[in-house]
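Order of the sequence lines sets the chain letters (A, B, ...), proteins ahead of strands, with each chain counted from 1.
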Protein chains: 2
Amino acid sequence: MDKIDRKIVNILQKNARASLKDLSKECFISSPAIAARISKLERSGVIKGYQATINLEKIDFHVKAFIQVQLEPHQKKEFYPYVQQIPNVIECNCVTGDFSEVMEVVFPSTTDLDNFINDIQQRFGKTSTQIVFSTSVNHRGVQLSEPTEKE
Amino acid sequence: MDKIDRKIVNILQKNARASLKDLSKECFISSPAIAARISKLERSGVIKGYQATINLEKIDFHVKAFIQVQLEPHQKKEFYPYVQQIPNVIECNCVTGDFSEVMEVVFPSTTDLDNFINDIQQRFGKTSTQIVFSTSVNHRGVQLSEPTEKE
DNA sequence: TTTTGCGGTCGATTTTGTCCACTTGAATTA
DNA sequence: TAATTCAAGTGGACAAAATCGACCGCAAAA
């Protein structure tokens, strides 16, 4: 992970479809060198994948929310496969605090959200939901700083 | 947004670097047709962009957390530009409930997180933080279902 | 001082993407 | 109904980008 790798990662986080040629211009090395670095970053697991970012409104998912769930320890092994399987759950984390899980979910309407929450409550336990009004920072990567001592 | 567009969106959400050729095979139409559809999806704002997904651990961001912030209405216009500018804030939403904002943040260490929280508290107000232990669903897109009535 | 190997360049080749002319079929209008 | 228009495809020619292989240079290890 040197300076050039960080630059590649930064660019690909902003535009995953950037061509090797573009990257080679930005980084001042040849495109085969870029290709080699990218495949190394992929193999080593630094780059996990590439995903198109979709405007959820445009595909009729108008409601985004955070659902917190209280879970007994033994319920996790049932909960995880369940949420992984639901396409509306776009992120799920185990966290500190009264509620052990925080899910980020999207649904076409509040009715669909309500149905889902009822299902969760029936299967697992108490929930607390925060509905999103607006998003000031859309999910993004962390831009790596240019000067880093550590090689 | 017909069946083919949904298929394209689904594929690009899973692999934003998929080639037109791959897409054309999956969708059974020619690559110029795919190219035309993609640029239409981009122009119409359905596809907002393409981002590489990075393994945060591998780039030494070991701590992920959700920070909730209590904000007076007038503070928003100061808060938004502030959080947008901090690379550690990877998502920020205005939500219902006692705390008006929910931020998702990443930091190298809990010390860095603590410093940030102190800064937020000093600038804005009361916070509540949940530290992430583990992630069962990494941030992902919504996979669109094949059969949809609406054209 | 050799040797080894990583990381790079350059140019040839192959693959991919783009452009253009032409086609088809559904909806619109004379 | 027949003519027109337009959106959305196709296929082939061309341009651009990615990949491959031969080779180079340097730094660390033998």
Side-chain angles (χ1 to χ4, degrees), chain A residues 1-60 141 143-151, chain B residues 1-55 57-60 141-151:
Chain A
M1 262 309 218
D2 63 1
K3 197 172 169 177
I4 295 175
D5 283 337
R6 282 194 296 277
K7 184 133 203 175
I8 291 172
V9 165
N10 279 346
I11 294 171
L12 288 178
Q13 280 188 116
K14 286 190 291 191
N15 177 19
R17 280 180 87 82
S19 67
L20 297 188
K21 212 190 167 195
D22 294 341
L23 287 159
S24 72
K25 272 178 202 156
E26 294 278 348
C27 300
F28 304 105
I29 59 173
S30 66
S31 50
I34 295 284
R37 279 168 176 270
I38 290 179
S39 69
K40 199 173 175 183
L41 288 166
E42 287 171 352
R43 282 198 312 278
S44 67
V46 174
I47 296 176
K48 289 195 290 187
Y50 306 93
Q51 41 188 76
T53 307
I54 302 303
N55 187 330
L56 293 166
E57 296 289 339
K58 297 269 166 124
I59 55 168
D60 293 322
Q143 240 16 51
L144 271 32
S145 59
E146 282 300 320
T148 302
E149 331 65 46
K150 184 163 148 200
E151 185 71 7
Chain B
M1 259 309 220
D2 63 2
K3 197 171 168 177
I4 295 176
D5 283 338
R6 283 194 296 277
K7 184 133 203 173
I8 292 172
V9 165
N10 280 345
I11 294 171
L12 288 179
Q13 280 186 115
K14 287 190 291 191
N15 177 18
R17 281 181 86 83
S19 68
L20 298 187
K21 213 188 164 195
D22 294 342
L23 288 159
S24 72
K25 274 179 200 156
E26 294 278 349
C27 300
F28 304 105
I29 58 172
S30 67
S31 49
I34 294 284
R37 278 169 177 270
I38 291 179
S39 69
K40 198 173 176 185
L41 288 166
E42 287 171 353
R43 282 198 313 276
S44 67
V46 174
I47 296 176
K48 288 196 291 188
Y50 307 93
Q51 42 187 75
T53 307
I54 302 304
N55 187 330
E57 295 289 339
K58 297 269 166 122
I59 54 168
D60 293 322
V142 275
Q143 229 36 35
L144 271 30
S145 59
E146 283 301 318
T148 300
E149 331 65 46
K150 184 162 146 200
E151 184 70 6

Just to be sure I understand the rule, does Ser30(B) reach a base, reach only the sugar-phosphate, or reach nothing, if contact means heavy atoms closer than 4.0 Å?
base
Rounded to whole angstrom units, what separation is found between the CG atom of Asp22(B) and the P atom of dA18(D)?
14 Å
If you compare all heavy atoms of Ser31(B) against all heavy atoms of Ser24(B), which two are closest, and at what distance to 0.1 Å?
N-CB, 3.8 Å
Might you point out which heavy atoms bring Gln13(B) and Gln51(A) nearest each other, and give the distance in Å?
O-CB, 3.0 Å
Whole angstrom is fine here: how far is it from CD1 in Ile29(B) over to P in dA7(D)?
17 Å
Without decimals, in angstroms, what is the distance between Asp5(B) CG and dG9(D) C1'?
14 Å
Derivation and outcome, side chain to side chain contact (heavy atoms under 4.5 Å, CB included), residues Leu23(B) and Ile29(B)
CA-CA 9 Å; Leu23(B) 288 159; Ile29(B) 58 172; over 6 Å; no
Write down the distance between CD1 (Ile38(B)) and P (dA8(D)), rounded to a whole number of angstrom.
15 Å
Spacing between Glu26(B) atom CD and dT16(C) atom P, to the nearest angstrom
14 Å
Side-chain N or O of Lys40(A) less than 4.0 angstrom from OP1 or OP2 on dG7(C)?
yes
Within the 4.0 Å heavy-atom criterion, would you say Ser31(B) contacts the bases, only the backbone, or no part of the nucleic acid?
base
Considering only NZ, NE, NH1 and NH2 on the basic side and carboxylate oxygens on the acidic side, decide whether Arg37(B) and Asp2(B) come within less than 4.0 Å.
yes
Could you tell me the separation between the CZ atom of Arg43(B) and the C1' atom of dA8(D), rounded to a whole number of Å?
13 Å
Go through dG8(C), dC20(D), dT18(C) for me and flag the one nearest to the Pro32(A) side chain.
dC20(D)
What is the distance from NZ of Lys21(A) to C1' of dT9(C), rounded to the nearest Å?
17 Å
Listed nucleotide nearest any side-chain atom of Arg37(A), set dC19(C), dA17(D), dG7(C):
dG7(C)
Please state how far atom CZ in Arg17(A) lies from atom P in dA18(D), giving the value in whole angstrom units.
11 Å
